[in-house]
> 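First the structure, then my questions, so here it is.
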2 protein chains.
Amino acid sequence: MLDIWTLRVLVEVADQGSFSGAASKLSMTQPAVSRQIAGMERRVGVSLFRRVPRGVHLTTAGEVAVGQAREILARMQALEARLGSFTDLETGHLRLSAFPSANTSFMPDAIRRMNEAYPGVTQSLVRIEPGEALSAIRDGTVDLGLVTAWELHPNLVAAKYSPPAWTIRSRPSKAWSSFRCWTKNCWSVCRPGIDSRISPGSDCAS
Amino acid sequence: MLDIWTLRVLVEVADQGSFSGAASKLSMTQPAVSRQIAGMERRVGVSLFRRVPRGVHLTTAGEVAVGQAREILARMQALEARLGSFTDLETGHLRLSAFPSANTSFMPDAIRRMNEAYPGVTQSLVRIEPGEALSAIRDGTVDLGLVTAWELHPNLVAAKYSPPAWTIRSRPSKAWSSFRCWTKNCWSVCRPGIDSRISPGSDCAS
DNA sequence: AACGCTTACGTGAGTCGTAATAATC
DNA sequence: GATTATTACGACTCACGTAAGCGTT
């Protein structure tokens with residue numbers, strides 16, 4: 001059985017036309033993409049890309065694979081969205097945390113928008129020591145936190161310099177289910193079940 | 001992004017109605033299945049199964065998930081089959097190996113059927129030391145080998161006692177792309193690209 | 001020299017199996 | 001007591017990032 005993440009890498013390489021471009025988009029390194037594609041080609045026994053001087057080109061088998069991969073990825077996203085709709089935000093309490101400067105900039109507006117969207121949900125702003133936000137989410141101390149890009153992943157700091165910079169990395173770790181870009185340096189990380197119901201405001205780059 | 005293997009476990013649990021039953025079918029242990037489902041429930045934030053005394057029952061969210069998972073799995077299988085058709089067995093050479101008793105029982109008939117199906121492909125029977133078959137396939141020394149169940153995976157020995165015993169385990173390791181049951185104790189393991197083009201004869205249980 | 005893909009190697013995350021525990025019939 | 005799900009723990013596999021190598025423009 002092939003892997004979903006492998007398909008994600010496959011279509012990104014096809015879209016970008018090069019391994020390095022796809023790596024940048026996916027917040028990975030070139031060698032990682034190279035290995036992913038090489039591994040998939042070895043498993044299916046067919047060459048999917050023809051390596052050309054300026055990047056890669058799809059082979060006939062690659063065209064077929066990319067087409068089917070797009071459908072599978074779309075269905076997987078639909079499944080996740082459908083399951084996400086089962087978690088009700090009708091009532092309950094949400095524990096938020098943010099780093100100091102975000103507490104005075106993004107947080108007030110985000111809380112205001114949340115109150116409008118989900119009137120039944122109360123929030124509390126939890127104070128978290130710097131560098132402890134991710135572990136607090138993993139441990140269940142808070143439900144959603146705003147963290148700096150470097151705190152989320154060192155690689156994002158490097159990735160942000162090459163446009164398009166603030167794409168959502170599609171392969172979250174087991175510890176958090178999803179994260180989302182507010183600005184180049186400010187990302188939101190959610191506990192499973194919350195996901196992307198709290199979106200950045202219009203004043204954030206997207 | 002959810003994992004394909006997780007979906008495979010999900011539908012198997014739904015079909016069997018219990019974690020232990022699914023574990024047996026998938027050649028896994030009970031705790032492994034339990035962790036897989038628990039992890040998926042944590043990621044999507046919804047409970048997929050209701051634990052009842054005699055096993056588990058699907059929740060409403062679980063019903064939706066299983067339905068979509070079936071479609072995704074079917075499309076993934078279709079993709080692999082489609083890509084497999086690109087590897088031509090029109091010409092070439094196939095290096096086979098088997099353990100001693102299989103050399104005199106299954107192999108002669110299998111080679112005869114291969115000659116009929118793929119007249120352009122020549123074969124050679126490679127002598128492999130006992131216990132070296134899997135590593136030989138991984139290293140590329142041979143293309144297809146018949147191995148004993150215990151050699152393939154210790155767990156299969158335990159699994160074979162509970163019918164239906166000889167189902168194809170759907171989660172091959174990175175080293176080999178697929179394997180297939182000929183009898184309870186005899187399995188074929190293929191190098192990537194060959195896959196299941198060489199099928200067991202009618203004299204084998206299936 | 002610059003750009004892009006590949007390979008080698010050490011490291012960290014994730015999953016498995018075994019064993020022990022709890023709960024239900 | 002038998003069956004089933006969960007938790008703890010050690011071991012192993014896999015994928016990543018860093019660094020070095022190779023070919024093309």
Side-chain angles (χ1 to χ4, degrees), chain A residues 1-9 12-13 16-43 47-57 134-135 138 150 153-159 162 169-177, chain B residues 1-6 8-9 13 16-43 47-57 134-135 138 150 153-159 162 169-177:
Chain A
M1 272 286 186
L2 291 173
D3 183 15
I4 279 286
W5 178 247
T6 304
L7 300 188
R8 182 79 181 78
V9 174
E12 197 62 53
V13 171
Q16 297 297 318
S18 77
F19 288 5
S20 51
S24 171
K25 274 266 199 182
L26 297 168
S27 300
M28 307 169 61
T29 56
Q30 244 174 24
V33 174
S34 178
R35 275 188 307 254
Q36 283 283 348
I37 299 300
M40 180 171 176
E41 289 176 328
R42 192 174 46 79
R43 289 186 206 202
S47 196
L48 299 171
F49 292 98
R50 205 176 36 248
R51 276 70 169 174
V52 295
R54 199 124 197 103
V56 290
H57 272 34
L134 288 182
S135 55
R138 173 168 33 220
W150 185 86
H153 195 281
N155 201 341
L156 288 175
V157 180
S162 61
R169 197 188 178 199
S170 306
R171 193 200 176 191
S173 163
K174 184 187 177 184
W176 42 82
S177 81
Chain B
M1 271 286 184
L2 290 173
D3 184 14
I4 279 286
W5 177 248
T6 304
R8 182 79 179 80
V9 175
V13 171
Q16 297 298 318
S18 76
F19 288 6
S20 51
S24 171
K25 274 267 199 181
L26 297 168
S27 298
M28 308 169 61
T29 55
Q30 250 172 19
V33 174
S34 177
R35 275 187 308 252
Q36 283 284 347
I37 299 299
M40 180 171 176
E41 288 176 329
R42 192 173 47 77
R43 289 184 208 203
S47 196
L48 299 170
F49 292 99
R50 206 176 37 246
R51 275 69 170 175
V52 294
R54 198 122 199 105
V56 291
H57 272 35
L134 288 182
S135 55
R138 175 168 33 221
W150 185 87
H153 194 280
N155 202 342
L156 288 174
V157 179
S162 61
R169 193 186 179 202
S170 306
R171 192 200 176 192
S173 163
K174 185 186 177 184
W176 42 83
S177 83

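Each chain gets a letter, A, B and so on, in the order the sequences are listed, and its residues count up from 1.
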> Mark yes or no for whether B:Glu41, through its side chain, and B:Phe49, through its backbone, hold a donor-acceptor pair below 3.5 Å.
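Checked: pair present.
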
> Hey, is CZ on A:Arg51 packed in by over 12 heavy atoms from elsewhere, all under 6.0 Å?
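Counting neighbours around CZ of A:Arg51, more than 12 heavy atoms of other residues, nucleotides or ligands fall under 6.0 Å, so yes.
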
> Which is it for A:Val9 and A:Ile37 under the side-chain contact (heavy atoms from CB on, under 4.5 Å) test, yes or no, and what are the steps along the way?
CA-CA 8 Å; A:Val9 174; A:Ile37 299 300; 4.1 Å; yes

> What string of B, S and - do you get for nucleotides 20-25 of chain C 5' to 3' if you count protein non-hydrogen atoms under 4.0 Å?
----SS

> D:dA5 phosphate, OP1 or OP2: any side-chain N/O from B:Ser34 under 4.0 angstrom?
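For D:dA5, OP1/OP2 do not have a side-chain N/O of B:Ser34 under 4.0 Å.
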
> Would you indicate, yes or no, if D:dC14 has its OP1 or OP2 atom less than 4.0 angstrom from a side-chain nitrogen or oxygen of A:Trp5?
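No, outside the criterion.
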
> Quick one: is B:Thr29 getting a side-chain N or O under 4.0 Å of the C:dC16 phosphate, OP1 or OP2?
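No, outside the criterion.
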
> Below 3.5 Å, does any donor atom in the side chain of A:Arg35 face an acceptor in the base of D:dG17, or the other way round?
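Answer yes: a donor N or O sits under 3.5 Å from an acceptor.
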
> Under 4.0 Å from OP1 or OP2 of D:dT18: is there any side-chain N or O of A:Gln30 that close?
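Indeed not, no polar side-chain atom of A:Gln30 lies that close.
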
> B:Glu41 has an atom CD; how far is it from atom P of D:dA5, in whole Å?
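Answer to the nearest Å: 12 Å.
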
> Report the C-alpha distance between A:Leu7 and A:Met40 in whole Å, list the side-chain angles of each, state the deciding distance to 0.1 Å, and finish with yes or no for side-chain contact (heavy atoms from CB on, under 4.5 Å).
CA-CA 9 Å; A:Leu7 300 188; A:Met40 180 171 176; 4.0 Å; yes

> When you measure from the side-chain N and O atoms of A:Ser20 to the phosphate of C:dC5, is any distance below 4.0 Å, counting only OP1 and OP2?
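A:Ser20 to C:dC5 OP1/OP2: side-chain N or O found under 4.0 Å.
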
